[in-house]
Undergrad: 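Would you mind keeping the following structure in view while I ask a few things?
Model, not experiment: these values are computed from the prediction. Sequence lines set the chain letters: A, B, ... in the order given, protein chains first and strands last, and positions in each chain run from 1.
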Number of protein chains: 2
Amino acid sequence: MKDPLVSLPGYALRRAASAMIAELGERLVEIGLRHTDVSILILIEANARITASALGRALDIKRANMVPLVGRLEAGGLIERRPIDGKSHSLELTARGRTRLAEAWAIIEQFEAELLARVPAAHRDHLLPALNALWQGPPPTLG
Amino acid sequence: MKDPLVSLPGYALRRAASAMIAELGERLVEIGLRHTDVSILILIEANARITASALGRALDIKRANMVPLVGRLEAGGLIERRPIDGKSHSLELTARGRTRLAEAWAIIEQFEAELLARVPAAHRDHLLPALNALWQGPPPTLG
DNA sequence: ACAGGATTGCTATGAAGCATAACAAACGTG
DNA sequence: CACGTTTGTTATGCTTCATAGCAATCCTGT
């Protein structure tokens, strides 16, 4: 079948991402987490006393949508919420959360290694900087 | 804020893809299409008399989910269904569909060019082959 | 020719991600 | 201390994607 789509970087980006997310999801389901959960746990570990709102900003997830995500992690005993002041809560990993995150890291590192291994060596080192330029780069109006 | 995520290719892939899809969506909404619609129209144009099931296989969209997609394109007068045999239908662009697709192509080409322009020149040519290797590459069990 | 398995198109349904609007409570600043 | 902002939250809807099941039709091997 003729497929003009494969020469479009945008289409390749979408297919690669959705295939990757699906496969990562399969692996993470074995420790009862979703990829979004893991990104939240990682950011909490790296930033003690962060709030849900700040997490949402970093992950590009709306405040409203953080509620069920944080709620589920708390219900699972992986994180804890402590009041910072009368309004905000700080999120911190519990001992259980730290253990679970270590398991997640093992899966993630294995997964990322396999991901890179699929890319021909000649292109491999260009992938991360190219991808980061796509979403972290200067706003389109500057170009 | 410390962000260990940005050094993970998988995370960068996800963020880049979702930012890209959102932006493309904004542009396509002006001609009343979604990115999935466009990919369907493109494949129909390139493959006369293709069926919805075959389209689904090419685009990695389940048969069941093709129904509303094809239905909406047909309702909008962009494609036509003709019975091939008692079971299958061939999809073809209408004149209106061809016109709309031409508009879509103009948007897509502009968009893809801007996408690539955001990637530093040193990495630019590596992006498409690297991405295609990620999802078209050999099955993981072979490695 | 025909039986069995595969394919097609479809309905129904649920999970997940993401968006908006609205709200009360609390914060921070001029 | 009043006003604009921020936080956490509820409610809601849309889109994407997955599964299960079904009837009709097809293709293939015998």
Undergrad: In whole angstroms, how far is the C1' atom of D/dT6 from the CD1 atom of A/I84?
TA: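 Spelled out: CD1 on A/I84 to C1' on D/dT6 is 12 Å.
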
Undergrad: Please test B/R72 against B/E74 for salt bridge (Lys or Arg N to Asp or Glu O under 4.0 Å), starting from the C-alpha separation and ending with a verdict.
TA: CA-CA 5 Å; B/R72 225 161 32 78; B/E74 193 187 17; over 6 Å; no

Undergrad: Please report the interatomic distance CD(A/E80) to OG(A/S90), rounded to the nearest 0.5 Å.
TA: 9.0 Å

Undergrad: Could you tell me whether A/E114 and A/R27 make a salt bridge, using a distance below 4.0 angstrom between a side-chain N and a carboxylate O?
TA: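 Answer for the salt bridge query: yes.
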
Undergrad: Which of the following nucleotides, D/dA24, C/dA16, C/dG9, is nearest to the side chain of B/T51?
TA: C/dG9

Undergrad: Does a salt bridge link A/E23 with A/R118, judged by any charged N lying under 4.0 Å from a carboxylate O?
TA: yes

Undergrad: Heavy atoms from C-beta onward define the side chain here; which of D/dT7, C/dT7, C/dG17 lies closest to that of B/K87?
TA: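 Between D/dT7, C/dT7, C/dG17, the one nearest the side chain of B/K87 would be C/dT7.
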
Undergrad: Does C/dA19 have OP1 or OP2 under 4.0 Å away from a side-chain N or O of A/K62?
TA: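 Checking A/K62 against C/dA19: at least one side-chain N or O falls below 4.0 Å of OP1 or OP2.
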
Undergrad: What nucleotide among D/dA18, C/dC27, D/dT15 has an atom nearest to a side-chain atom of B/R34?
TA: D/dT15

Undergrad: A/L59 CG to C/dA19 P: how many Å, rounded?
TA: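 Spelled out: CG on A/L59 to P on C/dA19 is 13 Å.
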
Undergrad: According to a strict under-4.0 Å criterion, is B/S53 in side-chain N/O contact with OP1 or OP2 of C/dG9?
TA: yes

Undergrad: Just N and O in the side chain of B/S18: are any of them under 4.0 Å from OP1 or OP2 of C/dG17?
TA: no

Undergrad: For DNA chain D, which residues of residues 63-74 of chain A approach it to below 4.0 angstrom with any heavy atom?
TA: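 Listed by number, they are A/R63, A/A64, A/V67.
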
Undergrad: State whether a side-chain donor-acceptor pair under 3.5 Å links A/T94 with A/E92.
TA: no

Undergrad: Just N and O in the side chain of A/R81: are any of them under 4.0 Å from OP1 or OP2 of D/dT7?
TA: no

Undergrad: Between B/E23 (CD) and C/dA19 (P), how many Å, whole number?
TA: 14 Å

Undergrad: Hey, quick one: are A/M1 and B/V70 part of the same hydrophobic cluster, counting side-chain heavy atoms closer than 4.5 Å, chains of contacts allowed?
TA: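 In one cluster with A/M1: B/V70, yes.
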
Undergrad: Taking the nucleotide of DNA chain D with the nearest heavy atom to each, does A/A22 or A/H89 sit closer to the 5' end?
TA: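 The residue closer to the strand's 5' end, by nearest nucleotide, is A/H89.
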
Undergrad: Report the distance from atom CD of B/E26 to atom C1' of C/dA19, rounded to the nearest whole Å.
TA: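 Checked: the CD to C1' distance equals 13 Å.
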
Undergrad: Nearest to the side chain of B/S88, heavy atoms from C-beta on, is which of D/dT9, C/dG17, C/dG9?
TA: C/dG9

Undergrad: Whole-Å distance between D/dG8 C1' and A/D85 CG?
TA: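 My rounded result for the distance is 12 Å.
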
Undergrad: Step through the shown structure and confirm whether more than 12 heavy atoms of other residues, nucleotides or ligands are within 6.0 Å of CG on A/D125.
TA: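 No - once you tally the heavy atoms of other residues, nucleotides and ligands closer than 6.0 Å, there are 12 at most.
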
Undergrad: Is B/R14 near enough to C/dG17 that one of its side-chain N or O atoms lies under 4.0 angstrom from OP1 or OP2?
TA: no

Undergrad: Taking the six-membered ring for Trp, are B/W135 and A/Y11 parallel (under 30°), tilted (30 to 60°) or perpendicular (over 60°)?
TA: perpendicular

Undergrad: Shared ILVMFWY cluster between B/I31 and A/L8, side chains joined below 4.5 angstrom?
TA: yes

Undergrad: Hey, are the side chains of A/P9 and B/L116 touching, using non-hydrogen atoms and a 4.5 Å cut-off?
TA: yes

Undergrad: How long is the line joining CG of A/D60 and P of C/dG17, in whole Å?
TA: 14 Å

Undergrad: Contact list please: residues 40-49 of chain A against DNA chain D, heavy atoms, distance less than 4.0 Å, in numerical order.
TA: none

Undergrad: Just how far, in rounded Å, is P of C/dA16 from CG of A/L24?
TA: 15 Å

